[in-house]
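Read the structure below first, then the notes.
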Amino acid sequence: MVSERLLNSSGKATAARGRKASAKSVPAQAPARPDATLQRRGVERVQAILDAAEAILGEDGYEAATLKAVGERAGIPTASVYHYFADRHQVDTQLLLRHINNVNVAVRDSLSRLDSAPTARAIVDAVIDPTVSYFRTHPSAVELWFRRTAADADANAVQTYDDETAAYVHSLAVSLGILRESTPVLVMQTAFEVGNSLFDVAFRRSPRTGDDDTLDEARLMLSLYFEAYAPGTD
């Protein structure tokens, strides 16, 4: 009988411990605002900040696009803006990267529509035309792309775009017979450096639209440069 009571008592204690353990093992309820909602809200706020920065840069220039002004334009408290960006240079870099991506897509699309036997001028226009068009409709891109006091991250982003696009256009130009196979990539990299400098001049002369005469000189100069490396000219 004593053994029976001990067993019953032990069983009840074990069951109680089991219930406690089970209670502890039940996962906590999901928060009222799940991570996905918070992440979506964060993404939306970042986009709103970048959109506001783009608008101010395009309308009032670089000096006007302070974090305070950007936050007010986006309808976000300045303290909350600092939650996403430590300083305005980070905003500049993210906005510039967005512009670079858009220009890259436009240029690649333009190059994909070249015919099977394009001229040197055709491939030059296929790069210049969509770039000019984008800069004309996105003046904030010009503010950031050619700013002389740009942070290292911004300068590196533009340089990376130039190097990658130069390599792509070089390969395409060789495959289409515009450049001879022995043409070094340095030729295309130099063309992009020259092109960038002339774009800078064009948009300093005419900040909103780019000076057409300067852009035409860029087209002529780069076309003649490529023709010097055409098959049969070595």
Completion exercise
d(F226 CZ, M188 CE) to nearest 0.5 Å is 3.5 Å

Completion exercise
Taken to the nearest 0.5 Å, the spacing of N102 CG from L97 CG works out to 11.0 Å

Completion exercise
NE2 (H99) and CG (N104) are apart, to the nearest 0.5 Å, by 14.5 Å

Problem - Heavy-atom pair with the smallest gap, counting every atom of A69 and A64 - result: CB-O, 3.5 Å

Practice task
Could you check whether the rings of H138 and Y134 sit parallel, tilted or perpendicular, using 30° and 60° as the cut-offs?
Solution key: parallel

Problem - ILVMFWY cluster, L67 and I49 together (side-chain gap under 4.5 Å) - result: yes

Practice task
Answer with yes or no whether the hydrophobic clustering places V187 together with M221; edges join I, L, V, M, F, W, Y residues whose side-chain heavy atoms lie under 4.5 Å apart.
Solution key: yes

Practice task
Hey, could you give me the OG1/CD distance between T78 and E72, rounded to the nearest 0.5 Å?
Solution key: 6.0 Å

Problem - V185 reachable from L172 in the ILVMFWY side-chain graph, under 4.5 Å edges - result: no

Exercise for the section: Determine, stepwise, if the pair L215 / L198 fulfils side-chain contact (heavy atoms from CB on, under 4.5 Å). Expected result: CA-CA 7 Å; L215 293 170; L198 290 172; over 6 Å; no

Handout entry: Minimal non-hydrogen separation, R136 against P139, with atom names
Key = O-CD, 4.3 Å

Practice task
Begin from the C-alpha positions of V201 and D211 and carry the test side-chain contact (heavy atoms from CB on, under 4.5 Å) through to its verdict.
Solution key: CA-CA 8 Å; V201 171; D211 179 63; over 6 Å; no

Completion exercise
Nearest heavy-atom contact between S140 and E54 is OG-CG, 3.0 Å

Exercise for the section: Find out whether E217 and T214 are in side-chain contact, i.e. whether some heavy atom of one side chain is under 4.5 Å from a heavy atom of the other. Expected result: no

Exercise for the section: Give, for atom NE2 of H89 and atom CG of L96, the distance between the pair rounded to the nearest 0.5 Å. Expected result: 13.5 Å

Problem - Side-chain heavy atoms of T190 within contact of Y225, under 4.5 Å - result: yes

Handout entry: From W145, F192, Y168, residue fulfilling ring pair (Phe, Tyr, Trp, His ring centres under 6.0 Å) relative to Y161
Key = W145

Exercise for the section: Any chance you could lay out the side-chain contact (heavy atoms from CB on, under 4.5 Å) test for F85 and V70, step after step, and finish with the verdict? Expected result: CA-CA 11 Å; F85 298 98; V70 168; over 6 Å; no

Practice task
Look at the side chain of S206 and the backbone N and O of A202, then say whether any donor-acceptor pair between them is shorter than 3.5 Å.
Solution key: no

Exercise for the section: Compute whether any side-chain donor of one residue and acceptor of the other, for H170 and T183, lie under 3.5 angstrom apart. Expected result: no

Exercise for the section: Kindly work out whether a path of hydrophobic side-chain contacts (I/L/V/M/F/W/Y, heavy atoms less than 4.5 Å apart) joins F199 to Y62. Expected result: yes

Practice task
Taking S110 for its side chain and V107 for its backbone only, find out whether a donor-acceptor pair lies under 3.5 Å.
Solution key: no

Problem - Pair D163, Q159: side-chain N/O donor-acceptor within cut-off below 3.5 Å - result: yes

Handout entry: Residue pair V103 / T165, side-chain heavy-atom distance below 4.5 Å
Key = no

Exercise for the section: Look at the side chain of S171 and the backbone N and O of A167, then say whether any donor-acceptor pair between them is shorter than 3.5 Å. Expected result: no

Practice task
Indicate if I76 and L50 have the same hydrophobic cluster label, given that clusters are the connected sets of ILVMFWY residues with side-chain heavy-atom separations under 4.5 angstrom.
Solution key: yes

Exercise for the section: Looking only at non-hydrogen atoms, find the nearest pair between R108 and E164 and report the distance. Expected result: NH2-O, 4.2 Å

Practice task
Can you measure from CD1 (I128) to OG (S223) and round to the nearest 0.5 angstrom?
Solution key: 7.5 Å

Practice task
Kindly give the heavy-atom pair with the smallest separation between G61 and E143, and that separation in Å.
Solution key: CA-OE2, 3.9 Å

Practice task
Look only at the side chain of T160 and the backbone of N156, and say whether a donor-acceptor pair between them is shorter than 3.5 Å.
Solution key: yes

Exercise for the section: Could you tell me whether D212 and R219 make a salt bridge, using a distance below 4.0 angstrom between a side-chain N and a carboxylate O? Expected result: no

Exercise for the section: Could you tell me which non-hydrogen atom of P118 sits nearest to which non-hydrogen atom of L114, and how far apart they are? Expected result: CB-CD2, 4.2 Å

